[in-house]
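Everything on this sheet refers to the single structure shown next.
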Amino acid sequence: MTANDNPLLDFSGLPRFDEIKASHVTPAVDALLAQARTTAGRIASDTALPAWSTLVEPLADVLDRLDRAWGAVRHLNAVVNTPALRDAYNENLPKVVEFHTDLAQDLRLYGKYRALRDSPAFAALDAPQRRLVDNEIRDFKLGGAELDAAGKARFAEISKELAELSTRFEENLLDATNAWCHYGEDESELAGVPADVIAAARAAAQAEGRAGWKLTLRMPCCLPVMQYADNRDLRRRMHEAFSTRASDLGADPEWNNAPLAARILALRHEAAQLLGYANYAEVSLVPKMAQSPAQVSAFLRDLARRAKPYAERDFAQVGAFARAELSLATFEPWDLAYASERLKAARYAYNEQAVRQYFPESEVLAGLFRVVETIYGVKVAQASAAAWHPSVRFFEIRDRRGARVGELYLDLYAREGKQGGAWMDDAINRRLARGVVQHPVTYLTCNLSAPVAGKPATFTHDEVITIFHEFGHGLHQLLTRVDVAGISGIQGVEWDAVELPSQFMENFCWEWDVVRHMTRHVDTGEPLPRELFDRMLAARNFQSGMATIRQLEMGLFDMLLHADYETQPGVTRDARMLFEAVRREIGVVPRARYDRFLESFSHVFAGGYAAGYYSYQWAEVLSADAFSLFEEEGVLSPLAGARFRDEVLSRGGSRPALESFVAFRGRPPQLDALLRHNGMVEPA
């Protein structure tokens with residue numbers, strides 16, 4: 001089958017998303033796997049001394065084609081999930097996992113990489129090339145290359161099952177989220193809910209030929225209902241539905257993720273022990289900045305100690321307000337978002353939904369691009385490309401000379417068949433192939449409110465921050481100057497440093513010289529008043545203590561879940577009991593008895609954050625400290641921007657992340673800026 005017959009086999013340019021069908025997946029995957037196995041076998045059997053050109057480059061060629069094709073399938077399965085596409089993905093996932101497992105366990109290839117590292121030719125390689133060779137040797141060990149035959153076979157079985165379980169976990173969560181809805185025709189039931197949310201709910205009902213409105217658990221609907229609905233019973237019903245998704249209390253027992261989570265934990269632990277580690281947390285930290293589970297736990301607990309007094313104060317204040325001003329004799333979990341929003345409005349005269357009218361999509365993107373263009377010296381322009389949905393936009397980035405740097409797809413809106421959350425993923429990675437640079441292409445995906453009733457999409461300030469965050473990931477991928485596959489962009493970057501560029505970008509959303517250029521009221525055309533921005537700024541750290549503790553709860557739970565799997569079987573084998581133990585230790589906000597957080601913790605059970613969720617806090621220290629240089633030299637300083645691009649973004653995984661940070665900042669990271677940004681520093 002040729003590229004003309006199967007768009008997944010066409011690597012001459014961008015993916016042909018308008019032509020890809022579920023029926024293309026299996027033939028393409030089979031062909032690419034056969035090519036990859038043939039190439040890997042030929043290289044492994046070569047008796048000549050290994051060299052970069054005979055070992056690394058030909059492997060990079062076949063793996064790039066496989067990764068690009070399978071990456072497109074994986075992406076489509078996440079953003080336009082259909083039964084046919086899901087079946088094709090699940091049919092081919094085991095084959096792809098099996099290939100990568102076999103490759104990682106090939107002692108012949110492992111030996112060739114070791115021989116290359118030990119040869120005189122290694123010294124002649126440049127820094128990114130040497131880094132890749134070292135990483136490959138490390139990954140062969142983590143992939144089971146040194147196991148005996150029985151160990152390799154079992155490790156391969158575990159890898160295959162883990163991939164399938166993680167996929168099912170995400171599918172169950174997607175299906176459970178999509179399955180729940182609440183119809184109504186009584187307008188009074190939606191009292192307090194913003195008009196644009198009601199308009200979207202009406203449109204959802206009309207699309208099904210129904211009168212009234214339809215509420216769903218997707219974030220653009222669920223969150224504002226929880227924040228603004230005066231109807232307490234509606235908030236309770238929605239909170240319970242959201243908190244029990246894909247659990248034993250959910251709508252369909254087939255979607256219960258609890259058994260999957262337990263099996264995933266058991267398999268990870270078994271794999272770790274096969275590799276000679278005490279637990280999976282130790283395995284997870286091998287390619288990260290942090291040195292040990294104990295170091296991570298100590299870091300999280302230290303930050304919790306600092307944050308907890310502020311969280312306790314936050315919770316006491318909102319509880320007192322709910323009782324005194326909202327006449328809530330009891331203060332329940334489904335009241336928290338509502339009471340918090342009312343308290344913020346009372347304290348700062350600031351309403352997030354009113355502010356969103358000043359952030360239409362066009363102005364937000366223009367403001368974002370202005371920041372990127374000013375500090376990094378590039379140009380972002382809209383272009384055209386085939387996409388998977390009509391609402392997807394495509395942009396190209398060029399340097400000052402007009403040369404292409406990279407391209408990106410921007411998929412902003414929530415819809416049925418699209419996984420929740422926000423993320424960045426690579427479509428094409430930068431590498432030098434036969435003397436030609438392959439430019440990077442990336443996907444930026446969010447789940448925000450779409451345009452309704454002919455009006456442009458508008459975003460809350462929190463949603464603007466999300467866009468900046470994901471664009472930061474994209475810049476890390478796109479602005480790389482490394483030409484080595486596996487090291488360029490975010491490839492090879494320690495996972496606990498990968499959030500540095502994204503969290504760094506969030507800071508610009510709190511700077512007046514940035515915000516004033518990205519606002520225009522959707523009805524009046526007026527810019528955001530400075531006085532309103534000042535109130536937003538005053539409210540920046542509203543309940544930051546509770547938000548920090550919430551993240552620390554998840555990070556510590558994740559680390560202990562994977563580090564103490566056997567040492568405390570009475571606690572950690574029951575993950576729900578462990579989470580409650582963590583909450584008793586550092587938590588502040590009570591949770592509903594029906595809460596089933598574990599079953600929807602997709603970062604850990606279906607993403608790349610297993611024994612790594614702490615990365616958000618770890619990288620936040622780096623990002624806050626990095627941004628403090630811009631605070632010192634000028635928020636939109638091209639000199640500071642060039643330094644950040646040159647020392648952090650462009651380097652990819654070519655050197656340790658800590659070295660890149662020190663090269664940029666001139667010293668190791670400090671905690672002070674993070675505490676200051678989060679308002680957790682007492683006034684002098």
Side-chain angles (χ1 to χ4, degrees), residues 7-8 15-29 67-97 162-181 200 204 207-208 214 216-222 241-242 245-247 250-252 254-257 260 264 386-393 409-427 442-450 470 599-603 605-608:
L8 286 171
R16 289 153 50 187
F17 282 117
D18 55 338
E19 301 176 41
I20 297 173
K21 299 177 182 178
S23 59
H24 292 132
V25 176
T26 296
V29 169
D67 290 346
R68 286 174 62 175
W70 183 244
V73 175
R74 183 181 65 241
H75 180 71
L76 290 174
N77 191 54
V79 295
V80 284
N81 189 280
T82 64
L85 187 58
R86 179 182 291 192
D87 288 346
Y89 178 83
N90 287 328
E91 177 187 342
N92 286 277
L93 176 62
K95 295 185 287 189
V96 175
V97 172
L162 279 173
E164 294 170 349
L165 290 170
S166 293
T167 298
R168 282 178 54 200
F169 190 100
E170 192 68 66
E171 289 174 352
N172 287 348
L173 187 58
L174 175 63
D175 291 343
T177 300
N178 286 336
W180 188 92
C181 63
E208 298 178 8
K214 175 187 178 182
T216 73
L217 295 180
R218 290 187 282 277
M219 273 296 106
C221 176
C222 182
F242 188 84
R245 291 175 302 158
S247 76
D252 191 327
E254 291 188 5
W255 296 333
N256 184 5
N257 274 338
L260 274 61
I264 288 170
W388 51 91
H389 191 272
S391 65
V392 175
R393 300 174 68 178
Y409 298 88
L410 188 62
D411 186 353
L412 287 176
Y413 312 136
R415 59 178 175 268
E416 190 168 350
K418 182 180 181 182
Q419 291 177 5
W423 68 91
M424 185 281 296
D425 202 357
D426 58 280
T442 189
Y443 311 114
L444 302 181
T445 308
C446 298
N447 273 274
L448 310 179
S449 301
E470 297 307 330
E599 286 85 334
S600 61
F601 200 4
S602 56
H603 275 77
F605 292 106

Assess the residue pair T445 and D425 against the criterion (side-chain contact (heavy atoms from CB on, under 4.5 Å)); give the C-alpha distance rounded to whole Å, side-chain angles, the decisive distance to 0.1 Å, and a yes or no. CA-CA 8 Å; T445 308; D425 202 357; over 6 Å; no

Using ring pair (Phe, Tyr, Trp, His ring centres under 6.0 Å), reason through F169 and W255 one step at a time and then give a plain yes or no. CA-CA 8 Å; F169 190 100; W255 296 333; over 10 Å; no

Point-to-point distance, once rounded to the nearest 0.5 Å, from CG of N172 to OG of S600: 12.0 Å

What's the separation between atom CZ in R415 and atom CZ in R218, rounded to the nearest 0.5 Å? 10.5 Å

Check: V73 main-chain N/O paired with N77 side-chain donor or acceptor under 3.5 Å: no

What do the steps show when you test R16 against L8 for side-chain contact (heavy atoms from CB on, under 4.5 Å), and what is the final call? CA-CA 8 Å; R16 289 153 50 187; L8 286 171; over 6 Å; no

Counting neighbours of CD on E254 that are heavy atoms of other residues, nucleotides or ligands and sit closer than 6.0 Å, is the number greater than 12? no

Against D175, only a single residue in R86, R245, E170 fulfils side chain to side chain contact (heavy atoms under 4.5 Å, CB included); can you say which? R86

Residues in side chain to side chain contact (heavy atoms under 4.5 Å, CB included) contact with A88, at least two apart in sequence or another chain: A22, V25

Is a side-chain N or O of S166 found less than 3.5 angstrom from the main chain of F605, in a donor-acceptor match? yes

When you look at N90 and E171, which way does the side-chain hydrogen bond (donor to acceptor under 3.5 Å, both in side chains) test go after all the steps? CA-CA 11 Å; N90 287 328; E171 289 174 352; 2.9 Å; yes

Heavy-atom donor-acceptor pair, N257 side chain to E599 backbone, under 3.5 Å: yes

Can you tell me how far apart NE2 (H389) and CG (L76) are? Round to the nearest 0.5 Å. 12.5 Å

For D411, is there an ion pair with K418 - N to carboxylate O distance below 4.0 angstrom? yes

Take W180 and F242 through the test side-chain contact (heavy atoms from CB on, under 4.5 Å) and record every step on the way to the result. CA-CA 9 Å; W180 188 92; F242 188 84; over 6 Å; no

N447 side chain to G421 backbone, donor-acceptor under 3.5 Å: yes

May I ask you to check whether Y443 and W388 place their ring centers less than 6.0 Å from one another? yes

Worked check of side-chain contact (heavy atoms from CB on, under 4.5 Å) between T26 and E91: CA-CA 8 Å; T26 296; E91 177 187 342; 3.4 Å; yes

